[in-house]
Amino acid sequence: MEHQFKLESEIILKDHLSTKWQAPSNIALVKYWGKYGMQLPANPSISFTLDSCHTATTINATRGNHGFSISYDGTPKPEFAPKIEAYFKRIADYCPWISQYHFEIDTHNTFPHSSGIASSASSMAAISVCMMDFESTLTGQEMDFHKASFLARLGSGSACRSLKGSAVVWGTHDEVEGSSQYYGVDTSDYLHSVFQDFQDTILLVDKGEKVVSSTVGHELMNGHAFAKARFSQAHENLSTLKKALQEGDLDTFIKITESEALTLHAMMMTSHPYFILMKPKTLSIIEEIWAFRKETGVPVCFTLDAGANVHMLYPHENKDAVQQLINNKLVEYCQNGHYICDQLGTGAKKC
Ligand code: PMV
């Protein structure tokens, strides 16, 4: 299966290559938590692709000895180098031409650097789509978004869901045609109109470093007492969610999305060693959302990634009502009153 991405076509090397792409962040509805082998998911996941939260990356490639430099807004960032170096090593088998080039990489995130929102998904997706842009120039073939997603996965698992489409499934699932362990597939066609302009407001509860990284969290699913049940539950939840997305069934969407977020954190709390990434303010926000939904009937729900920040998901038509809730109640729980308003996007774009 991985062989499908080994480069077979002939290439004509050029002295210089240059490109710039932006790739978005994504938020999982059914969560990926647990992996094996080379970044393969223990269960399938589905995410919404974001729009405003993205990384824009410029790469200039010059023919010569392989190497790279990495900067953020023009300022050298040697601390990013180990991750990029590991990435280049992992993709070398699939893109052998990279050994012929020196890459000058400059990147920029639209979301605050230390917001606690992981930039690894958008940044690995952005680099990967740039690499595939180069490969398509060298082979004269069309851009291969599945291979871009495959490369992004080797950089950071969930990054493979940040290439193409407003809703993306990663991991094989019986009811998702073409689904793969190796890359994300565009499932935007599942989305009933009510989901097509969905909003995601990210309440920044804690911008600090996470106490436990995702890498360690995934590892703790090996031998986890509830792992087997959790992985099969993710398959069921994806089936139920797929139907809800197709039918515009907001009640079921809310039930599955919130349950998935709490299950993710329950897995952390029941790992050995156990850990907690939510903060007291995360729970206060959840309670406020539940009270507001009960009182007003506005179909707003929450999800969490591996951190304390809360993503509020809701239809565009409820934007004003949710904004009032934020102004009146929720902003006080946000660190320095910070939150980010985002919405569904469509994937990576050439700049
Ligand atoms: O891609 P990673 O290794 O950072 O893991 C991401 C895990 C979650 O964000 C918690 C869930 C997901 O599916 O994105």
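We count ligands from 1, going down the list as the structure has it; atoms in each ligand are counted the same way.
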Full working for side-chain contact (heavy atoms from CB on, under 4.5 Å) between Leu283 and Ile285: CA-CA 5 Å; Leu283 293 178; Ile285 291 171; over 6 Å; no
What is the closest protein heavy atom to atom 3 (O) of ligand 1, and at what distance does it sit?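 Protein heavy atom at minimum distance: His218 NE2, 3.1 Å.
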List ligand 1 atoms under 4.0 Å from [X], heavy atoms only on the residue side.
X      : answer
Leu264 : 10 (C)
Ala28  : 12 (C), 13 (O), 14 (O)
Ser156 : 1 (O)
Ala306 : 10 (C)

Do the rings of His218 and Trp33 sit parallel, tilted or perpendicular, given the 30° and 60° boundaries?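 Judged by the thresholds at 30° and 60°, the geometry between His218 and Trp33 is tilted.
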For Phe195 and His192, take the angle between the two ring planes, folded into 0 to 90°, and tell me which bin it lands in: parallel under 30, tilted 30 to 60, perpendicular over 60.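 Perpendicular: the ring planes of Phe195 and His192 meet at over 60°.
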Would one find an N or O of [X], backbone or side chain, under 3.5 Å from an N or O of ligand 1?
X      : result
Tyr32  : yes
Lys35  : no
Asp305 : no

Selection from Glu260, Arg161, Met268 by shortest heavy-atom distance to atom 14 (O) of ligand 1: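 Checking each option, the heavy atom nearest atom 14 (O) of ligand 1 is found in Arg161.
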Do Glu260 and Leu29 have side chains that approach each other closer than 4.5 Å (heavy atoms only, starting at C-beta)?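 Not touching, per the 4.5 Å side-chain cut-off.
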Taking the side chain as every heavy atom from C-beta outward, state whether Leu250 and Pro315 have any pair of such atoms under 4.5 Å apart.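 Side chain of Leu250 against side chain of Pro315, heavy atoms only: contact under 4.5 Å found.
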Using side-chain hydrogen bond (donor to acceptor under 3.5 Å, both in side chains), reason through Glu258 and Trp290 one step at a time and then give a plain yes or no. CA-CA 11 Å; Glu258 291 191 342; Trp290 283 345; 2.9 Å; yes
Would you sort out whether Glu135 and Lys147 count as a salt bridge (charged side-chain N to carboxylate O under 4.0 Å, His left out), showing the intermediate values? CA-CA 10 Å; Glu135 190 162 296; Lys147 184 165 176 183; 2.8 Å; yes
Ser158, portion touching ligand 1 at heavy-atom distance under 4.0 Å: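 Near ligand 1, Ser158 shows its backbone as well as its side chain.
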